[in-house]
2 protein chains.
Amino acid sequence: MPHKYGSAMELRHLRYFRAIGREEHFGRAALALRVAQPALTRQIRDLEAELGVELFERLPRGVRLSSAGRAFLEEVEDILKQVDRAVDRARGMGSGHLGTIRVGLSEIIAAYDYISYGLFHFRENEPSVVLDLRSMGSLHQVAAIKEGTLDVGLVYDAHIDDRDRDVLERAPIGTGETLLAVHQSHAFAQRDSVTMAEIAGESVLGPARATAPGYYDRMMAACIRTGNAPHFTQECTTHSILFSLVAVGMGVGIVTTAGTRAPNPNIRLIPISDLDLQFHVMLVWRARDRSVALRRFVDMMMQQAQTR
Amino acid sequence: MPHKYGSAMELRHLRYFRAIGREEHFGRAALALRVAQPALTRQIRDLEAELGVELFERLPRGVRLSSAGRAFLEEVEDILKQVDRAVDRARGMGSGHLGTIRVGLSEIIAAYDYISYGLFHFRENEPSVVLDLRSMGSLHQVAAIKEGTLDVGLVYDAHIDDRDRDVLERAPIGTGETLLAVHQSHAFAQRDSVTMAEIAGESVLGPARATAPGYYDRMMAACIRTGNAPHFTQECTTHSILFSLVAVGMGVGIVTTAGTRAPNPNIRLIPISDLDLQFHVMLVWRARDRSVALRRFVDMMMQQAQTR
DNA sequence: GCCGATCCATACTTGTGGGGCATCGAATGC
DNA sequence: GCATTCGATGCCCCACAAGTATGGATCGGC
């Protein structure tokens, strides 16, 4: 062992010092600490040597805190309290009733009612667990989860690479329908459904392949199966951009969302009858993450999704 | 050694954890801490067992802080900072340039100019040493010093019991003259001096034997030596009470103070020519008190007194 | 003034456990 | 496949914390 220069000071010294300082009596402190008195004498001697200060005045009979000792005692009380607090909090996190969960939310998924209800429900049941909600794109979420800067994501299954199978755990909590978004003044607006063939003649807005390749490719493959793959006149990186463009009449848009309730009164969402395409809304988290709070969160979200 | 239930957690665990948590790498942390890597593995294992929480996610290659670990790291950083701070402060007190000195001041002695100057001078030279000035009677000061609730007192020598010789250190920093306090309208007011014989016919105010027996007895002994011991019509427990009574014409008062400058424009202080009585203003402190700041304070007050 | 009690310090011994070294096992990159 | 990275494990050693016994100084009771 290469000899040590640094502080050999340990919590033991502080715990002993606190006990003796409070009592101003080695014997009683030793009793309280359940150690023999000479142990205290030695540890205090070492502590004083380390600090270069006498912490006690040695009286002919007994000891008394020196002025340095009095000041040091105050600090030690704080330190030991803080240590206890840190231990308690760590244990609390072990129990899963304390901590922070960093949740990734893409805007389109945050719009699902049962997601909101689930988050609300969890907050009510675990008020001491902080939900750190972060709005971020699906691919970014997956990367952040793998990297450890995010704990759980809410994304479409299409965004999850199968090669991450063993590092990322996942669970489905719902499905997303793929619909056509049209402006209320559009000819399709009053229709109950449309076909891909009909869409082919329109100016079509779709997702951006660069920001969501898995999603894009699965959608395109399904379109091709109908025999009427659209040509996107504009790729949109987010659903809100796409909706904005539809709202100003730039064209019709293919979007995946929950139900047929549109986010804008000027927009109608129409089922596409011949498109065989379903996405799953997935919870994603690191398989190695042992956080009990996270497990509880996942369980509660899944349960909430089922009973919706 | 009776087996221990309590926390075996030590600062070593926290220091190791902090290093590894910062690096998220056992090897580099071991290098920084100048210990071998297996030592860290074991200490972290013990720490996790103690807390009941996994602080790191073990990856196939390397580690990463778990969410509990992240939270714990923040607390540990605080704790270790606070420990360093406490050590620095303790060392500072060892150097004598930091700390608190509890100074007892009786009102009459606080009125001495060179005392005020001395306190001011010390504060200027040691701005990081807090002077905790406490107004209290002489006997109370001596008791508090012996008891350890006061660090240094400023009292007349008459208040110090010789039997405390080996427990209380003392040093003279000036003398106090014993004078007659008279109202400006009194017949003595324009005199340069009076005799005890003249005083004998007056209504005389003096100190209270109960609150200052040493002072009272020395004064009375000197009075008796003059052959004209006064009879006190009123004993006063403090000088301010005595001055108040003199100011309203209740009588003349025998007081010990510095110079002939009275605290009240209606009062004159007249020397008593035949009274052979001198008191010393003393600094008193515990002989066992090793505080460097206190020594510095005592030295500075003595020096200030000499050069006044 | 002697005896016992109190209280911290010291001397000596014991055993726990922290650390070093060597090695393993798993994953990764060329 | 082979070398490398990285944490975990096994084994040994010795440093040091704690225990027992005792010393030295003071104080109180009779």
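Residue numbering restarts at 1 for every chain, and letters A, B, ... go by the order of the sequence lines. Here the structure is a predicted model, which is why all the values come from computation and not from measurement.
For B:P38, the listed nucleotide lying nearest its side chain is D:dA8; candidates were D:dG19, D:dA8, C:dG19. Out of C:dG19, D:dA17, C:dC8, the shortest distance to the side chain of B:Q43 is found at C:dG19. Distance from the side chain of B:R61 is smallest for C:dT28 among the nucleotides C:dG19, D:dG7, C:dT28. For A:R58, taking side-chain heavy atoms from C-beta onward, the closest of the listed nucleotides D:dA17, C:dA11, C:dC8 is C:dC8.
In this structure, the separation between CE on A:M282 and OG on A:S138 is 12.5 Å, given to the nearest 0.5 Å.
Nucleotide D:dA17 holds its P atom 14 Å from the CG atom of A:L14, rounded to whole Å. Atom pair A:E57:CD and C:dA9:P shows a separation of 13 Å (rounding to whole Å applied). Rounded to an integer number of Å, the gap from A:L47 CG to C:dC8 C1' is 17 Å. To the nearest angstrom, C1' of C:dG18 lies 14 Å from CZ of B:R15. In this entry the distance linking CD of A:E23 with C1' of C:dC7 reads 14 Å, nearest Å. Between A:L40 atom CG and D:dA17 atom C1' the separation is 12 Å, expressed in whole Å. Rounded to an integer number of Å, the gap from A:Y16 OH to C:dC8 P is 16 Å. Between A:M9 atom CE and D:dC16 atom P there is a gap of 17 Å when expressed in whole angstrom units.
Residues A:L59 and A:R42 both approach DNA chain C. Their nearest nucleotides, taken by heavy-atom distance, put A:L59 toward the 5′ side. Toward the 5′ end of DNA chain D lies the nearest nucleotide of B:G27, the other residue of the pair B:G27 and A:A39 mapping further downstream.
OP1 or OP2 of C:dA9 lies within a sub-4.0 Å distance of a side-chain N or O belonging to A:T41.
Using a 4.0 Å heavy-atom criterion, one finds that A:Q37 contacts the bases of the nucleic acid, with or without backbone contacts as well. At the heavy-atom level, B:A36 lies under 4.0 Å from the strands shown only through sugar-phosphate atoms.
Listed by chain and number, the residues in a ring-ring contact (aromatic ring centres under 6.0 Å, His included) with B:F26 are B:F56 (sequence neighbours excluded). Taking the ring-ring contact (aromatic ring centres under 6.0 Å, His included) definition, one finds that B:Y216 meets it with B:F232, sequence neighbours left out.
Using a 4.0 Å cut-off between a side-chain N of Lys or Arg and a carboxylate O of Asp or Glu, B:D289 and B:R295 do not qualify as a salt bridge.
Just one of B:E48, B:H13, B:E10 meets the side chain to side chain donor-acceptor pair (under 3.5 Å) condition when paired with B:Q43; it is B:H13.
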